[in-house]
Visitor: 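Below are the structure tokens for one structure; questions will follow.
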Amino acid sequence: MAATVKECLELQLLEVEMLLSMFPKRGEFSVDADAVPSIQRYLRNAGGALPPQLEYRIALHVGEAKVKVELQVLLPHMYPQVAPQLFARSDALHRQQQLQLNTRLTSHISSLDPGDLCVCEAVQWVKDNTLPFLENCQASSECAAEAVRAKEMLHRLWIYSHHIYRQELRKKIFDCAKKLNLTGFCLTGKPGVICVEGLQKNCEEFWRVIRYPNWKHISCKHVENIETEGSIDNLRLFHSFEDLQFQAHGDYGLRNDYHMDLGQFLEFLKQHQSGHIFQILFGVEGKLSDN
């Protein structure tokens, strides 16, 4: 048995010499500094304890892009009489593709005649067969990235206030909506209604800004989220941020207690596919006048 092990270890060292001649550059062939000397010491004194199993790594570069693929090798003492443990890995491969590549590699090595050195054969097989796995991985990554890019979310807030009169407040609302690329409207008067639509982070920032520091009589009545595979601009109900001022009930002039004509507001909502929002805002079902 010892002679057989000795013969196998001698063949392993012979194969290492061949691999070193194939991969002479620094970093191409990596092995522990004491791995080969420990085997050599055992071969000089075969009656001693077996050396650690020989383990090394070979760095390969595949395809025109020179993608790095590392072949990790662990040799049982009885290799090549028994199969080596081989594992090919690359940062460019997903876990599934890496698993498939190594399953194919193991199957190929198993098909070879036992007793023959096969690490050089494994190196050539990895060079010849890894590229399709890399291409499939790249294609799936691009598809996944495209899917991520394609999916966007339109966020729409419906905000109710007891009233909106002050010029400085109205300026703050319009300036903030413009800065955050939000469309919608601001209904001035009593009651006051604001709608903003755009990216979620921008809508949330708008809501934070206009409430600060002490706008008390305001609430967000409804939130809409709509996912799209295209641009959110295709989902916007409004093309700009509009200033709504409908005729007030009665002749109140510029007094701060006039009520806006909610019938006109309901008609505006229906024109923008939002008639259902009237009941959410005011708690009653909106009906247009027959006149």
Side-chain angles (χ1 to χ4, degrees), residues 143-249 258-290:
C143 289
E146 183 66 28
V148 170
R149 285 195 298 269
K151 287 188 177 181
E152 290 190 1
M153 182 79 72
L154 177 80
H155 202 65
R156 186 179 295 122
L157 302 182
W158 294 92
I159 300 167
Y160 176 89
S161 175
H162 180 265
H163 60 268
I164 301 175
Y165 295 122
R166 291 186 293 116
Q167 287 296 326
E168 61 270 26
L169 178 57
R170 294 178 62 241
K171 184 178 186 302
K172 182 179 182 180
I173 292 169
F174 280 86
D175 288 349
C176 188
K178 181 179 180 180
K179 178 181 177 182
L180 296 171
N181 192 31
L182 300 176
T183 52
F185 65 84
C186 174
L187 174 64
T188 303
K190 181 180 180 181
V193 177
I194 304 170
C195 173
V196 289
E197 56 182 6
L199 294 176
Q200 180 174 353
K201 63 179 181 180
N202 292 349
C203 290
E204 291 175 349
E205 175 66 7
F206 176 88
W207 177 233
R208 185 191 68 82
V209 170
I210 65 168
R211 285 187 300 163
Y212 182 83
N214 55 2
W215 193 350
K216 298 178 181 178
H217 303 294
I218 185 173
S219 61
C220 183
K221 289 282 191 176
H222 187 55
V223 177
E224 295 178 85
N225 287 304
I226 309 172
E227 190 176 72
T228 178
E229 293 185 353
S231 170
I232 63 169
D233 291 338
N234 298 328
L235 297 175
R236 292 180 188 265
L237 297 178
F238 308 94
H239 300 297
S240 62
F241 193 79
E242 303 180 44
D243 182 11
L244 295 188
Q245 295 188 42
F246 296 124
Q247 183 180 2
H249 282 302
Y258 62 89
H259 290 257
M260 302 309 296
D261 188 332
L262 295 183
Q264 294 182 46
F265 180 52
L266 174 59
E267 185 174 1
F268 172 82
L269 290 177
K270 290 189 174 183
Q271 289 172 356
H272 291 82
Q273 306 170 43
S274 302
H276 63 287
I277 295 296
F278 192 92
Q279 185 171 14
I280 295 174
L281 291 173
F282 305 111
V284 295
E285 183 178 354
K287 293 183 180 180
L288 292 175
S289 171
D290 294 335

Visitor: Checking side-chain contact (heavy atoms from CB on, under 4.5 Å) between Ile226 and each of Arg236, Arg156, Met153, which is the one that passes?
Guide: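 The side-chain contact (heavy atoms from CB on, under 4.5 Å) with Ile226 is passed solely by Arg156 among Arg236, Arg156, Met153.
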Visitor: What verdict does the side-chain contact (heavy atoms from CB on, under 4.5 Å) test give for Leu269 and Gln264, after you've listed the backbone C-alpha separation in whole Å, the side-chain angles of each residue and the deciding distance to 0.1 Å?
Guide: CA-CA 9 Å; Leu269 290 177; Gln264 294 182 46; over 6 Å; no
Visitor: How many angstroms lie between atom CG of Leu199 and atom NE2 of His155, to the nearest 0.5 angstrom?
Guide: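 These two atoms lie 10.5 Å from each other.
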Visitor: Does the gap between the ring centers of Phe238 and Phe185 come in under 6.0 Å?
Guide: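 Judged by ring-centre distance (under 6.0 Å), Phe238 and Phe185 do meet the cut-off.
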Visitor: Does the side chain of Cys220 come within less than 4.5 Å of Trp158's, by heavy atoms?
Guide: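 A side-chain contact under 4.5 Å is absent here.
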Visitor: Looking only at heavy atoms, what is the nearest atom pair of Phe241 and Val196, with distance?
Guide: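 Closest approach of Phe241 to Val196: CE1-CG1, 3.7 Å.
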Visitor: Could you pull out the closest heavy-atom pair between Ile232 and Leu154, with the gap in Å?
Guide: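 Closest approach of Ile232 to Leu154, heavy atoms only: CG2-N, 3.9 Å.
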Visitor: What distance do Gln271 atom CD and Leu266 atom CG have between them, rounded to the nearest 0.5 Å?
Guide: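 The distance works out to 10.0 Å.
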Visitor: Output, in order, the C-alpha distance, side-chain angles, deciding distance and verdict of side-chain contact (heavy atoms from CB on, under 4.5 Å) for Val193 and Leu281.
Guide: CA-CA 8 Å; Val193 177; Leu281 291 173; 3.8 Å; yes
Visitor: Which heavy atom in Arg170 sits nearest to a heavy atom in Tyr165, and how many Å separate them?
Guide: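 Taking every non-hydrogen atom into account, CD-O, 3.7 Å.
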Visitor: Is a side-chain N or O of Ser161 found less than 3.5 angstrom from the main chain of His217, in a donor-acceptor match?
Guide: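 Checking the backbone N and O of His217 against the side chain of Ser161, a donor-acceptor pair under 3.5 Å is found.
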Visitor: Run the side-chain contact (heavy atoms from CB on, under 4.5 Å) check on His272 and Glu242 step by step: do they pass?
Guide: CA-CA 12 Å; His272 291 82; Glu242 303 180 44; 4.0 Å; yes
Visitor: Drop me the distance from Thr188's OG1 to Gln167's CD, to the nearest 0.5 angstrom.
Guide: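 Answer rounded to 0.5 Å: 8.0 Å.
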Visitor: Less than 4.5 Å apart, any side-chain heavy atom of Lys190 and any of His162?
Guide: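 Yes, side chains in contact.
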Visitor: Ignoring hydrogens and angles, tell me if any N or O in the side chain of Lys172 forms a donor-acceptor pair with the backbone of Val209 under 3.5 Å.
Guide: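 Confirmed, Lys172 side chain pairs with Val209 backbone.
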Visitor: Cys186 versus Ile164: any side-chain heavy-atom pair under 4.5 Å?
Guide: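 Sidechains of Ile164 and Cys186: in contact.
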Visitor: Do Asn202 side-chain atoms and Leu180 backbone N/O form a donor-acceptor pair below 3.5 Å?
Guide: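 It does hold such a pair.
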Visitor: Side chains of Gln245 and Asp243 only: does a donor on one sit below 3.5 Å from an acceptor on the other?
Guide: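 Yes.
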Visitor: Ignoring hydrogens and geometry, is there a side-chain-to-backbone donor-acceptor pair from Glu197 to Leu237 under 3.5 Å?
Guide: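 Yes, because the side chain of Glu197 sits within donor-acceptor range (under 3.5 Å) of the backbone of Leu237.
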Visitor: Can you name the nearest heavy-atom pair linking Pro191 to Phe282, along with the distance?
Guide: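 Shortest heavy-atom contact: CG-CE2, 3.5 Å.
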Visitor: Surrounding CD of Glu227 (heavy atoms of other residues, nucleotides or ligands, distance under 6.0 Å), is the total greater than 12?
Guide: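 Atom CD in Glu227 is packed in, count exceeds 12.
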Visitor: Determine the minimum heavy-atom distance between Cys203 and Leu182, stating which atoms define it.
Guide: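 Answer, listing the atom of Cys203 first, then Leu182: SG-CD2, 3.8 Å.
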Visitor: Looking at Glu205 and Arg208, is any side-chain nitrogen of the basic one under 4.0 Å from a carboxylate oxygen of the acidic one?
Guide: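 Looking at Arg208 and Glu205, the cut-off is met.
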Visitor: Working note: Ile210 + Ile194, criterion side-chain contact (heavy atoms from CB on, under 4.5 Å); need CA distance, chi angles, decisive distance, verdict.
Guide: CA-CA 11 Å; Ile210 65 168; Ile194 304 170; 4.2 Å; yes
Visitor: Looking at side-chain heavy atoms only, is the closest gap between Thr183 and His239 below 4.5 Å?
Guide: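 The answer is no; the side chains never approach within 4.5 Å.
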Visitor: Using every non-hydrogen atom in the two residues, find where Phe206 and Ile173 come nearest and quote the distance to one decimal.
Guide: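 Scanning both residues completely, I find the closest heavy atoms to be CE1-O, 3.5 Å.
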Visitor: Over 60° means perpendicular and under 30° means parallel, so classify the ring planes of Phe265 and Phe268, tilted if in between.
Guide: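 Parallel.
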Visitor: Between Ser231 (side chain only) and Asp233 (backbone N and O only), is there a donor and an acceptor less than 3.5 Å apart?
Guide: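 Pair found, side chain donor or acceptor close to backbone of Asp233.
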